[in-house]
Amino acid sequence: SRRRTIAILLRMQYIRSHGESIVNAAADTFRRLGHPATRGRGEVLRILAESPLPLSPREILERIPDPKPDASTVYRNLSLMVSLGLVRSVALHERSRRYEAVTEGAHRHRVVCRGCGRIESFQPKKCDLSRIESDIRGMLGFDVSDHSLEFFGACAECGRKKDGGR
């Protein structure tokens, strides 16, 4: 099942990089996984795939063109996509979870400003957590397959305000 999802994700990336619409790729993905390919599901996946940052359900709903589905439909679609491994739920210590499209090979981390709430996403040049993963495996018997890493602090603007505008 995981291999099948990865194969489909790779196909989506190939299709996207070769000009075919992400919405068509999303429709094909849902059908292959045994779920109806609705316009709403395609739009949610397209919006997440195009966003460099994880989005809240409200932000996703705002970006869906009219006619918009109701909020509960967006939440149900997000829940389905998380269960299928197409979307990752990201907790950034906010009231609402955020979501991002799962892409094989792309590895992003986030920085969150505690002052203004600004979120930035970045791809590290190197992310070697093998020692930590080894400790987790040895101490807890848990096989790590993925991770999410967030850093919290002050953005440059909030840092200047804190330092008196210097």
Side-chain angles (χ1 to χ4, degrees), residues 1-17 20-124 127 129 136 140 142-153 155 158:
S1 171
R2 178 162 165 73
R3 283 184 187 168
R4 183 175 167 200
T5 301
I6 290 171
I8 292 169
L9 288 171
L10 290 172
R11 183 174 183 279
M12 281 178 52
Q13 288 176 339
Y14 175 84
I15 289 169
R16 195 164 116 208
S17 67
E20 192 176 325
S21 165
I22 189 71
V23 176
N24 292 338
D28 185 50
T29 299
F30 286 114
R31 278 190 220 96
R32 286 176 183 253
L33 294 174
H35 297 277
T38 64
R39 175 186 167 268
R41 289 177 181 160
E43 286 297 327
V44 169
L45 198 53
R46 178 192 60 78
I47 289 164
L48 291 174
E50 292 174 356
S51 176
L53 298 173
L55 299 172
S56 70
R58 183 180 51 82
E59 290 168 329
I60 294 167
L61 185 58
E62 288 170 358
R63 294 178 187 200
I64 294 175
D66 289 331
K68 293 185 184 296
D70 58 25
S72 64
T73 300
V74 172
Y75 279 99
R76 277 193 309 274
N77 284 330
L78 287 168
S79 179
L80 172 66
M81 288 183 236
V82 167
S83 72
L84 295 175
L86 299 173
V87 169
R88 178 182 299 120
S89 175
V90 179
L92 297 177
H93 299 280
E94 300 175 302
R95 286 186 202 142
S96 174
R97 297 186 74 76
R98 290 178 172 267
Y99 297 86
E100 64 185 5
V102 171
T103 52
E104 286 296 315
H107 190 84
R108 294 183 293 183
H109 295 302
R110 286 150 295 279
V111 227
V112 181
C113 178
R114 291 213 186 263
C116 65
R118 180 174 148 199
I119 301 169
E120 290 290 333
S121 184
F122 70 98
Q123 286 186 298
C127 182
L129 298 176
I136 291 169
L140 304 172
F142 194 89
D143 186 25
V144 177
S145 59
D146 196 7
H147 71 267
S148 176
L149 191 57
E150 289 83 31
F151 295 89
F152 299 89
C155 68
C158 289

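What you see below is based on every heavy atom in this structure, not just the backbone, and it leaves out hydrogens, waters and symmetry mates.
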Any heavy-atom pair between the side chains of [Y] and [X] that's under 4.5 Å?
X	Y	answer
Leu86	Leu33	yes
Met81	Phe30	yes
Ile64	Val74	yes
Pro54	Tyr99	no
Arg41	Pro36	yes
Leu78	Leu48	yes
Pro69	Leu61	yes

#### Entry: Cys155 to Arg118 - nearest heavy-atom pair and separation
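The pair with the smallest heavy-atom distance is CB-NH1, 3.9 Å.
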
### Message
Ignoring hydrogens and geometry beyond distance, is a side-chain donor-acceptor pair present between Arg76 and Ser79 at under 3.5 Å?
### Response
no

### Task
Verify salt bridge (charged side-chain N to carboxylate O under 4.0 Å, His left out) between Arg98 and Glu150, making sure each step is shown before the conclusion.
CA-CA 13 Å; Arg98 290 178 172 267; Glu150 289 83 31; over 6 Å; no

### Task
Kindly assign one of parallel, tilted or perpendicular to the pair Phe151 and His109, based on the angle between their ring planes and the thresholds 30° and 60°.
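Perpendicular.
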
#### Entry: Contacts of type side-chain contact (heavy atoms from CB on, under 4.5 Å), residue Leu53, not counting sequence neighbours
Ser51, Ile119, Ser121

### Query
Applying salt bridge (charged side-chain N to carboxylate O under 4.0 Å, His left out), which residue pairs with at least one partner in residues 61-73 are found, sequence neighbours left out?
Arg58-Glu62

